[in-house]
Amino acid sequence: MIVAKFGGSSLAEASQFKKVKDIVKSDNRRKFIIPSAPGKRNSKDHKVTDLLYMCYQLASHGLNFDEVFKIIHNRFLEITKDLNLTLDIEAELKEIKNRIKDGASRDYTASRGEYLSGLILANYLDYEFMDAKDLIIFDHRNIFDTESTEVKVRDILKDLPHGIIPGFYGANEVGEIITFSRGGSDITGSIIANGVKATLYENWTDVSGFLVADPHIVKDPKPMDMVTYKELRELSYMGAPVLHEEAIFPVRKYGIPINIKNTNSPEDKGTMIVDDLTPVKSKGITGISGKKDFTVINVEKTLMTLEKDFFRKLISVFETNDISIEHMPSSIDSVSVVVPTSEVSMKLKKVIEEIRIFCNPDNIEALPNMALIAVVGRGMIRTKGISAKIFTALAKADINTRMIIQGSSELNIIAGVENYDFEKAIEAIYEEFEEKSKGGL
Ligand code: ASP
């Protein structure tokens, strides 16, 4: 059984709904479908969810939101008309508008894009509409309740031949609508796939899977055929978008693979996200990602490792200043603390002063403008020469590597370079592996 989630661009207008229908009907294993709210039809267009947030914002300040709501109204009306549906979408829209006027919550308002999209798709495919408020459960603190949801999904969906479940939201114990964070329909799909123990979770978008490197930096990078959950975590943590970060957790429990597919090019294989235990085929790397704008605070102190409380004191300075530490490579008499510049910049003086007071270092300096590049690959553990290739590539491109970190899972190697070398470094590493592998990284 397959659970298929379709993103906003896959449901942006009637012609896209038609593609979705063709895809769903072409394989009868596709039983449960999770729609997003209609997304952008072109780069100047608006996402329905953004418009709904706007309505809420205006209404909550007692301002008129008719004009914005009209845009939403017209979009849904146009879709239902173009698809020749019998559904009375106007009645639904009227009810939603009244509730927003009467002070409906931000989450309720934002969720209506998925709700309406779900009603339309159910009507169009002639599948049962299952409201996510009865399936996706949040507790009294409005935190997602995994156990209750699993039971609900299993019990309610078990005898259904097909169903449409809107993404992005659920409800708490008293029936209030609660949403996930933005892009959360990916999470709904994953939860449903886990609950019905699907064999596959398809995530349909407008790209044919993940690319090995950022196409804004590397020209025509190759797509990734296969990536493990853990590799993807490493890549997304460093800034590779497409799938919501939290969407892998529910399916991970039963090792259900996720296939990222393209609604506009359904024959493309896309990227398969698989269980971490899946044997590795590639001997090279899986992907390259990175982020700019880190600050490295180097703290030097002879014999610091003999002071049992040294690291605790150092870390507590960052904790009390509410700064997250990204990495902490160390050597015998020094340690570097890598933090996002955005979190530290306003507090840098204070942080350095506090480290001086609490840790009494011999020397301390801060290097801003550092970029981190993560080269990720589960094949690394067994393959010799990966790091040699990475650093040779950087040296050949005349890039100074300021820092090297190998993640403890041995899934990645992180190189720290100056911000201005960031793009050049990614290109150089990509080229090195591309050229050597000739037809598959
Ligand atoms: N419509 C919501 C958003 O724009 C959720 C989603 O599309 O996954 O964030």
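Only heavy atoms go into these numbers, but all of them, side chains included; no hydrogens, no water, no symmetry mates. Just so it is clear, the model here is predicted, and its values are computed rather than measured. We count ligands from 1, going down the list as the structure has it; atoms in each ligand are counted the same way.
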Exercise for the section: Please state which part of Glu114 comes within less than 4.0 Å of ligand 1, counting heavy atoms only: side chain, backbone, both or neither. Expected result: side chain
Problem - side chain to side chain contact (heavy atoms under 4.5 Å, CB included) partners for Met328, two or more places apart - result: Phe311, Ile315, Ile325, Val335, Val337
Practice task
Examine Thr49 against ligand 1 and note whether any of their N/O atoms are separated by less than 3.5 Å.
Solution key: yes
Handout entry: Close approach of Gly183 to ligand 1, heavy atoms, under 4.0 angstrom
Key = yes
Exercise for the section: Using non-hydrogen atoms of the residue, decide whether Gly184 is closer than 4.0 angstrom to ligand 1. Expected result: yes
Handout entry: Asp322/Lys347 salt bridge by N-O under 4.0 Å criterion
Key = no
Exercise for the section: Under 4.0 Å, heavy atoms only, figure out whether ligand 1 is touched by the backbone of Ser185, its side chain, both or neither. Expected result: both
Exercise for the section: Start with the C-alpha gap between Arg30 and Glu202, add the side-chain angles, then the distance that decides, and say whether side-chain contact (heavy atoms from CB on, under 4.5 Å) holds. Expected result: CA-CA 9 Å; Arg30 295 192 177 108; Glu202 287 177 342; 2.6 Å; yes
Practice task
Check whether NZ of the Lys or CZ of the Arg Arg112 lies under 6.0 Å from the centre of the six-membered ring of Tyr169 and within 45 degrees of that ring's axis.
Solution key: yes
Exercise for the section: State, without any angle test, whether Glu343 and Ser324 hold a side-chain donor-acceptor pair at a distance under 3.5 Å. Expected result: yes
Practice task
Could you tell me which atoms of ligand 1, counted from 1 in the order shown, lie closer than 4.0 angstrom to a heavy atom of Ser36?
Solution key: 6 (C), 7 (O), 8 (O)
Exercise for the section: Give a yes or no on whether the ring-centroid distance for Tyr201 and Tyr254 is below 6.0 angstrom. Expected result: no
Fill in the blank from the handout: Near Arg182 (heavy-atom distance under 4.0 Å), the atoms of ligand 1 are 3 (C), 4 (O), 9 (O)
